[in-house]
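Atoms within each ligand, like the ligands themselves, are counted from 1 in listed order. What you are looking at is a predicted structure, and each value in this text was computed from that prediction instead of being measured.
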Amino acid sequence: MDLRPVGIFDSGVGGLTAVREFRKLLPAEDIVYLGDTARVPYGGRSVAELEGIALSDVRFLLSRGVKAILVACGTVSSNCMGLVMGSAGVPASGVVVPAVREAVNSSRSGRIGVLSTLATARSGAFEREIAAMAPDALVISSGTAELVPLVEAGRTSLDDSAVRTALESCLAPFAGGAVDTLILGCTHYPLLGGAIAELLGGGVGLIDAGAAGARETACLLRESGLDCRARRIGSCSLCTTGPAAGFEPLAGLFLGAGRALRAEHVEL
Ligand code: DGL
């Protein structure tokens, strides 16, 4: 048994989709969450920029004594997971492989969509992983820069015309039965899950990459004996590189707390 916390990071509030699932699976674990809102969005950045950012995010979590790291960011997972795994010195996992595994298992027709940030689409990581696990699958991908800023602003409802317009345009390639399974390849997107499901209709199964990553990290901790088996409810320390006051209400909303949650402003 290992009482050290688990580190989870993303560019902003998106990785809280992984935190939510992880807390359900292993409620005794302490979590240190880093939302790098000073540098959000990651999705328009070059690989070199993303590598520098990922290393500084990992360094911060290690400074808090974490025993394992979940990269709850599709963009970092797609572009520099090898670097993170090679440099962290503790077990690290991302969201691409677990999300693809779930999509391949749940697709009946083998027509799988991937909705992601531009940097993730450019990397081709999801497509490579799908080809490795299901060589006959047909993949339709779409990258967009529009959704992350909306989610960071707490705008997730179809009643909001900017949300509706952005979603109608980036979901167009997946509509009309083009896919039966859609990977939400950016961890911000499950926060738009209700709106996406409404626009695509019930025939398309949505894969939440953050939740898939959380399930994989929980398995990894259990299998390696690194999990915490104490009878307790673990803590969740929320850290943000941006203003804490902006992060706190969104964190409360997205973690289902029904109130703003305290966050700590940190400098990397
Ligand atoms: N949640 C991040 C991802 O999964 C968002 C990237 C961004 O900041 O653009 O890709």
Side-chain angles (χ1 to χ4, degrees), residues 7-22 33-54 56-58 61 69-81 83-84 92-100 102-103 113-127 129 141-156 166-167 170 182-193 196 206-214 216-217 238-242 246-247 250-251 253-255 268:
I8 302 180
F9 76 89
D10 178 42
S11 61
V13 291
L16 295 174
T17 53
V19 171
R20 202 165 52 190
E21 178 69 11
F22 189 79
Y33 181 78
L34 173 64
D36 187 14
T37 40
R39 295 186 288 196
V40 71
Y42 285 180
R45 296 179 184 274
S46 67
V47 176
E49 278 179 297
L50 290 168
E51 287 177 345
I53 284 172
S56 67
D57 292 346
V58 166
L61 292 175
I69 292 175
L70 168 56
V71 180
C73 174
T75 305
V76 171
S77 300
S78 300
N79 283 277
C80 32
M81 203 53 223
L83 178 71
V84 170
S93 44
V95 299
V96 175
V97 174
V100 168
E102 291 190 6
V114 183
L115 179 63
S116 72
T117 66
L118 295 174
T120 296
R122 181 190 61 208
S123 77
F126 278 97
E127 290 83 347
E129 208 52 53
S141 311
S142 169
T144 174
E146 289 183 69
L147 301 180
V148 168
L150 289 169
V151 174
E152 284 292 323
R155 299 172 67 179
T156 59
L167 279 178
C170 65
L182 176 63
I183 299 176
L184 303 180
C186 166
T187 54
H188 280 70
Y189 299 171
L191 301 166
L192 293 159
I196 292 173
L206 301 181
I207 303 294
D208 176 334
E216 172 149 300
T217 297
L238 300 174
C239 303
T240 175
T241 52
F247 193 84
L250 285 179
L253 187 69
F254 295 144
L255 288 177
L268 302 189

How about Thr117 and His188: do any of their side-chain heavy atoms sit closer than 4.5 Å?
no
Would you name the heavy atoms of Asn79 and Ala119 that are closest together and state the gap between them?
ND2-O, 3.3 Å
Taking C-beta and beyond as the side chain, do Ile207 and Val100 meet within less than 4.5 Å on heavy atoms?
no
Does any part of the side chain of Ile69, heavy atoms only, come nearer than 4.5 Å to the side chain of Asp57, both counted from C-beta?
no
Are the side chain of Thr17 and the backbone N or O of Gly14 linked by a donor-acceptor pair below 3.5 Å?
yes
Is the closest side-chain heavy-atom distance between Glu146 and Cys170 below 4.5 Å?
no
Give the protein residues with at least one non-hydrogen atom closer than 4.0 Å to an atom of ligand 1, ordered by chain and number.
Asp10, Ser11, Val40, Pro41, Tyr42, Gly43, Cys73, Gly74, Thr75, Thr117, Val148, Cys186, Thr187, His188
